[in-house]
Amino acid sequence: MELLTLQPNIEDAGRRMDAWLSEQIEELTRSAVQRLIQDGCVTADGKPLAKNYKITGKETVAVMLPEPEPVDVVPQNIPLDVVFEDDDVIVVNKPKGLVVHPAPGHPDGTLVNALLYHCGDSLSGIGGELRPGIVHRIDRDTSGLIIAAKNDFAHQKLAAQLADHTLARIYHCIVVGNLHEDSGTIDAPIGRHPVDRKKMAVVHDGRHAVTHWRVLKRYQGYTYVECRLETGRTHQIRVHMASISHPILGDTVYGNKKEVSGLQGQCLHAVGLRFIHPRTEEAVELHCELPEAFIRQLEKLREMP
């Protein structure tokens, strides 16, 4: 059994514990959390909880997680586009379609499998057996830069930068429609969709989420946009842009259900990373080119009357 200790914020007060925990612990669905509560595996200040328990914002929550089913995460010789690498950090330009870590439905063929082959034993263990070295994630159908830590020291330093927003992640995307302003900020909480639990949504009791955006180029009916993440919620840019009626081109989950010819998934690319190197404490700034499918979409937009 694994013991997790969590501390809700005062703004979480009034929320059901099962809903909140399913957002905090990614591998658990709400129904799985409910089963843990029923089995007495979730306590607040040492006391077992009722299934409809609501958060006060002052309690300390302890969760006893059952041992995961054994999963053999094996190294696989999957080509990697390595943008930066040293003894502490590796940064990869992830192609669209590559899942970051093993999960139900994707037991192998992931970025983690590729990193295990490329780095051998040189990956931090903080992410656990399924996510060694993974500091942050990118959606399967989003391409671009992702950073992994080669040891626990680097992982802890990079995770702290994620928390205090000094690790900057810059994305480029094409959104549907024309944004009225040249730049802006979307400050809207994100949580599980109240009906479709596989989706995220802007919800009043969600987790704090902030996306800064600016227009790079305007086209007929579309806008080329740069987004900078202040926080890192699941599907954050996709949810935020859809919430202001400008979904990302090709996003069949949060936008038009019809696939766009020439695109596999959303037109969203992690083009830049800025971080302080965990050991040298020097600033590192990295960029990568747009993928060919993204470039072709921009060319199509330029040719439109």
Side-chain angles (χ1 to χ4, degrees), residues 9 11-12 23 96 136-139 141-147 161-194 199-257 260 263 265-275 283 285-291 293-295 297-302 304:
N9 296 319
E11 56 263 29
D12 296 314
E23 295 175 3
K96 184 175 288 191
H136 67 105
R137 292 171 299 137
I138 296 179
D139 296 342
D141 289 333
T142 299
S143 55
L145 298 181
I146 180 169
I147 188 170
Q161 292 180 48
L162 269 180
D164 66 15
H165 315 310
T166 52
L167 196 161
R169 291 155 291 164
I170 299 95
Y171 290 74
H172 284 189
C173 60
I174 299 173
V175 302
V176 177
N178 287 304
L179 291 154
H180 297 300
E181 306 295 331
D182 290 334
S183 63
T185 295
I186 305 171
D187 185 344
I190 292 176
R192 289 287 172 189
H193 193 285
K199 293 173 61 175
M200 309 302 287
V202 170
V203 291
H204 75 279
D205 58 349
R207 300 179 70 188
H208 178 60
V210 178
T211 303
H212 305 282
W213 60 267
R214 69 182 182 94
V215 172
L216 298 175
K217 188 76 174 179
R218 298 181 185 275
Y219 299 97
Q220 183 65 38
Y222 299 91
T223 311
Y224 181 27
V225 178
E226 179 178 280
C227 293
R228 180 174 61 83
L229 290 177
E230 184 172 313
T231 55
R233 308 306 174 205
T234 302
H235 300 172
Q236 179 171 316
I237 295 175
R238 298 165 63 190
V239 171
H240 269 172
M241 298 313 292
S243 75
I244 61 171
S245 301
H246 293 287
I248 294 174
L249 179 66
D251 191 341
T252 58
V253 175
Y254 299 103
N256 194 318
K257 304 301 181 186
V260 177
L263 274 184
Q266 58 273 1
C267 210
L268 177 64
H269 181 68
V271 72
L273 271 178
R274 290 198 304 271
F275 60 94
E285 185 164 353
L286 302 170
H287 298 274
C288 64
E289 298 295 325
L290 294 173
F294 198 127
I295 294 172
Q297 288 299 319
L298 287 175
E299 291 172 346
K300 288 180 182 179
L301 296 180
R302 293 190 191 102
M304 292 175 63

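Remember, it's a predicted structure, so these values are computed and weren't measured experimentally.
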*Counting heavy atoms not belonging to Glu285, are there more than 12 under 6.0 Å from its CD?*
yes

*Flag the pair Arg169 / Leu145 as yes when at least one side-chain heavy-atom distance between them is below 4.5 Å, and no otherwise.*
no

*Test item: Asp139 side-chain N/O and Asp141 main-chain N/O as donor-acceptor pair under 3.5 Å*: no

_Pairwise side-chain contact, Asn256 with Val176, heavy-atom cut-off 4.5 Å (strictly under)_ = no

_When you compare the side chain of Val260 with that of Gln297, does any pair of heavy atoms fall below 4.5 Å?_
yes

_Using only atom types and a distance under 3.5 Å, with no angle test, would you say the side chain of Lys96 pairs donor to acceptor with the backbone of Gln266?_
yes

*Does some side-chain heavy atom of Tyr224 sit less than 4.5 Å from a side-chain heavy atom of Val215?*
no

*Where the side chain of His136 meets the backbone of Ile147, is there a donor-acceptor pair that is under 3.5 Å apart?*
yes

*So how far is it from Ile248 CD1 to Ile237 CD1, rounded to the nearest 0.5 Å?*
6.5 Å

*Do the non-hydrogen side-chain atoms of Thr211 and Leu229 ever get within less than 4.5 Å of each other?*
yes

*Pair Thr166, Asp164: side-chain N/O donor-acceptor within cut-off below 3.5 Å*: yes

*Find the distance between NZ (Lys300) and CG (Leu263) and round it off to the nearest 0.5 Å.*
7.0 Å

*asked:* For a 4.5 angstrom cut-off between non-hydrogen side-chain atoms, does Tyr171 reach Trp213?
replied: no

*asked:* According to ring-ring contact (aromatic ring centres under 6.0 Å, His included), does anything in residues 226-251 pair up with another residue at least two apart or in another chain? List the pairs.
replied: His235-Tyr254

*Can you find a pair of side-chain heavy atoms, one from Ile190 and one from Thr234, that are under 4.5 Å apart?*
no

_Which residues share a side chain to side chain contact (heavy atoms under 4.5 Å, CB included) with Thr231, sequence neighbours left out_ = His165, His208, Ala209, Arg233, Gln236

*Do you know the tightest heavy-atom contact between Phe294 and Leu268?*
CE1-N, 4.1 Å

*asked:* Using 0.5 Å steps for rounding, measure from the CG atom of Asp251 to the SG atom of Cys267.
replied: 11.0 Å

*With rounding to the nearest 0.5 Å, note down the distance linking CZ in Phe275 to CG in Leu286.*
5.5 Å

*Hey, is the main chain of Arg228 close enough, under 3.5 Å, to the side chain of Arg214 for a donor-acceptor pair?*
no

*Can you check whether Arg192 reaches Met200 side chain to side chain, under 4.5 Å on heavy atoms?*
yes

*Can you see which heavy atom on Val202 is nearest to which on Ser243, and at what distance?*
CG2-CB, 3.7 Å

_Neighbour count above 12 (heavy atom, 6.0 Å) for Glu11 CD_ = yes

*Any donor and acceptor pair, going by atom type alone, linking the side chain of Thr223 with main-chain N or O of Gly177 inside 3.5 Å?*
yes

*Could you state the interatomic distance from CG (Asp187) to CD (Glu230), rounded to the nearest 0.5 Å?*
7.5 Å

*For Gln220, enumerate each residue passing the side chain to side chain donor-acceptor pair (under 3.5 Å) test, keeping only those at least two apart in sequence or located in another chain.*
none

